[in-house]
There are 2 protein chains.
Amino acid sequence: MPSGCRNVCGVNQKTIQPAAARATRPLPTLEDLARAAGVSRSTASRAINGGSRVSPEAQAAVDAAILELGYTPNRAARTLVTRRAGSVALVIPEPDARVMMDPYFAAVVTGVNQALRDTDLQLVLLMSRTGDDSSRTLRYLGGGHVDGAIVVSHHRSDDWVETLGSTGVPTVFIGRPWDRKSELPFVDVDNFEGGRLAARHLAGLGRTHLGTVAGPSDMTAAVDRLEGWRQGLKEAGLPPGPVAYGDFTTAGGADAAKSLLARSPELDGVFAASDLMALGVVDLVRSMKRRVPEDIAVVGFDNRAILAANGLGLTTVAHPMTDMAAAAAQLLIGAIGNPGQQLEPVIYPAELVVRGSTAG
Amino acid sequence: MPSGCRNVCGVNQKTIQPAAARATRPLPTLEDLARAAGVSRSTASRAINGGSRVSPEAQAAVDAAILELGYTPNRAARTLVTRRAGSVALVIPEPDARVMMDPYFAAVVTGVNQALRDTDLQLVLLMSRTGDDSSRTLRYLGGGHVDGAIVVSHHRSDDWVETLGSTGVPTVFIGRPWDRKSELPFVDVDNFEGGRLAARHLAGLGRTHLGTVAGPSDMTAAVDRLEGWRQGLKEAGLPPGPVAYGDFTTAGGADAAKSLLARSPELDGVFAASDLMALGVVDLVRSMKRRVPEDIAVVGFDNRAILAANGLGLTTVAHPMTDMAAAAAQLLIGAIGNPGQQLEPVIYPAELVVRGSTAG
DNA sequence: TTCCCGGATGGGAGCGCTCCCACCATCCGA
DNA sequence: TCGGATGGTGGGAGCGCTCCCATCCGGGAA
C-alpha cells in the first residue's frame, strides 16, 4: 500500500481478502419482496416505510412477504439515497483505556443504548486514541458516516472538539465541555450545586473544619464541584479549608486524604468529588484510627449503587449517569430530526443522598 | 405506522424528519476527486484502494486531491457494491445493564478496539435487551449489516446463539459458549487449569481444609474453574471440600464465604472464582477476626490490577481480558478475510500470580 | 354524460462506489 | 516485421434502495 494518505480516514482500507463470496444464498432484495407480495417495488417500499398511500391489501401482502422471506432492508442502499447513516457515534476522546475502566463509561453506554432502543439507529463506538487519530476521528464524523455524535468529554478538550461544531454533524456532549463560547449542547448534573450542597450539609451538622478532595482540574465536573464547594463554605461562614486533588480513583482519594490530614489534622468533614475517592478517604481515615462519621464525616459524589452497600452508607450527591446519557441521546435524536435548531443544555438538579457516613 | 411487522428488524424505522437537507455543502464524491486529480473515476478508485496498476504520477495526483478536497469515500456506496459492511458487532446478550457494569466489559471493548485500530472496521455495539429482541438481533446480524460478530457469552446462551452459526456471519465468542457440539470458535483463559493451580498452590502451602466460592453455574467460566479446583484437590489427595456459590461480586463473595465458614469453621484456605469475590471473602474473614493469610489463605481469579493494590496483595490467576478480546477480534478479522475456514479456539494458559494473601 | 380531483400504483432515474471489460500504448521474443 | 504479453487507463453496468413523476381508476360535481 503506497504513499501519502495514510491518515486519511478510511481511505486506505486494510486489504482484507475479497471475501470469497460468502457461501450463503443472497439476501432477498426489495425487488424480491415486491414480487412475492405481488406489488411493485415502489409500493413495497412505501409499505415498509410507514405506508402512506398504500391500500390495506397491499400493506398486508407486503407484511406477509416480509415475514415469509425474512426480508431486511439493505442499510447501505438506503443510506446511499437518504443520506442518513442510521447510526450515531459515541466518541471517547481518551488516548488510553482509563476511561473505559470507569463505570461512568458503562453507564453512558447503557443510557445511550436505552434511548436508541426503538430507533433504527445503531451505536458506533469511536475511541480516538493517539494524537493524529483525532483528525481521523474528525474526518470520520464529518464524512457522513454517522448522523450524529455523543461526546463523552471527560477531560479538557483537545482542539478538535471545537472543530466538531463546524462540520455540521449534530453533536451532544455528556458533561459540560470546556469551550463555553461555542454553546455546544450538553447534558450534565449541576456540579456546582452538588458541591454547594455538600458544604451546606457538613456545615449544617456543625462541622467546622472542612476539607475537600477535588477531582483533576482538567475536567469541568471537578472544577465546578470545587467551585460550588467553596461557595457553600462561604455561605456557611466557614473558611475555604484545605484542598487536595485526586484522580477520581479510590487510591487517589486515599492519597489526597492523607495529604489533607497531614496539613489539617483537626479536620472533621471531607467532601470527595467522587464516590470512589470518598471510599479512599474513608479507608484512610479508618486506617488512622479515626472514625467515620464520628470523627470525620465524609460526603461523596455520584451515588453509585454498588458502593452504597459496602457496610458504610456513603452520603453522596446523586449523579444519574445512565439517565443523563439517555437524555443526551434523546437530545441528539431530536437534533438529527430538526437540524439547525439551537439545542439548550440539559442540567440535572443536584440532590444530596444522606447516609451513614455523615449520620451524627 | 400500521400493523403487522413491528418486530422485523429495521423494517419500521422510526420516522425521523427527512432531515431538512443538512445545510452543509455536499461532500466531494469520487467523481469530484477524479476530476480534481485529472484522472478517471476508475483510476482514482484504484489509487485509493491500494493502487495496483496505477502509475506513480496518477497516484500522486490522487493523493494530493484527497488532501485538497478532504475526500472521504462514501461508506454506504462502497458497502453496497462490495458487500462488506465495514463494521463488526459486539453482541452483549444481556437483558439488563448488569454486564455493562462489570469491568470485564470495559476490558473487552478496549481489546476489541485495539485490534480494530488499523483496520477500517468500526465497532457497533449490539445489546440484545428483552426477549423478542434476540430475534431482532439475529436478524440484524444475518441481514448483512455487519461483517462479523463478537459475542460476549457471559451466561448460559439463549437458543439464538446457536442459530447464529447458521446465518453465515463469522462469529467469535469470548468465553467458551455452552454449546460444545457446534464448535463455535472462541477465546478463553484456561479456567480449568486455573482452578487446578489454585488448589495445588494452597495444598502446596500445607493447607488442608480448603473450600471454594464458585461463580454462577450458568457460566462456563465458573463451571470450568470449579471442575479444575476439584481436580486439583483430588490430585493433592485432599477431600473435595465445601462449595458456596457467589455471583462474581464482592458482596456475593462475602455472603458465600459466610456460609462456607459456617459449615466448615476449620477452613484454612479458600479459592474464590473471581477477584471481586475474593475481596468479599477477605473482608468477611477479617470481620470475623481471623487473619489473611495466616489463618485463611485466599486465592482469587482475574488478576485485576486495581484490586491488587488495596493493601492486601491478592494471589490470583491471571486472566488477560483485554488481550483475549483483542485476540478474538483478530480471529474474527481473519475469519472475515477467509470465510469457510474452520477456526480453532484460542485458550490462554492459566498462570498463578502469588501475592500476600497466600504468603505463608 | 363529461370533467376533474385525489388516492393508489408502477416505472425510471440516480445516490457513489467497485468491478469488469475494452482499449491503447509499449516492450519483448520470434 | 509482426504477434502476444504487459501495464496503465477509461467507460459502462449495476449494487438495493428512495424519490419523483406519469399513469390509472373511481366518484362526485357540472
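Fair warning: this is a prediction, and the values are worked out from it, not measured in the lab. So that the names make sense, note that chain A is the first sequence line, chain B the second, and so on, each numbered from 1.
The shortest heavy-atom contact between A:Gln59 and A:Val54 is N-CG1, 3.7 Å. Contact detail for B:Gly142 and B:Val169: the closest heavy-atom pair is CA-CG2, 4.0 Å.
If one axis is set at each end of the helix from C:dT1-D:dA30 to C:dC27-D:dG4 from five pairs, those axes are 60° apart, to 10°.
For B:Arg75 (side chain) and B:Gly86 (main-chain N/O), a donor-acceptor pair under 3.5 Å exists by modelled atom type. The backbone N or O of A:Arg84 lies less than 3.5 Å from no partner atom in the side chain of A:Asp147, so there is not a single donor-acceptor pair. Under a 3.5 Å cut-off, the side chain of B:Asp32 and the backbone N or O of B:Thr29 do form a donor-acceptor pair.
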Could you go over nucleotides 13-16 of chain D and give all protein N or O partners under 3.5 Å, atom names and distances?
residue	atom	partner	partner atom	Å
D:dA13	N6	B:Arg41	NH2	3.2
D:dC15	O3'	B:Arg83	NH2	2.5
D:dG16	OP1	B:Arg83	NH2	2.4

Could you write out each protein N or O paired with an N or O of nucleotides 4-7 of chain C at a distance under 3.5 Å?
residue	atom	partner	partner atom	Å
C:dG7	OP2	A:Arg53	NH2	3.0

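Using a 3.5 Å distance cut-off with no hydrogens or angles, the side chains of A:Ser42 and A:Ser45 do not pair a donor with an acceptor. Between the side chains of B:Asn49 and B:Arg78, at least one donor N or O sits under 3.5 Å from an acceptor N or O.
Residue contacts shown for B:Ser42 include a base, since a base heavy atom lies under 4.0 Å away.
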Legend entry - From CA spacing to verdict: side chain to side chain contact (heavy atoms under 4.5 Å, CB included), A:Val88, A:Leu332: CA-CA 9 Å; A:Val88 299; A:Leu332 184 63; 3.9 Å; yes

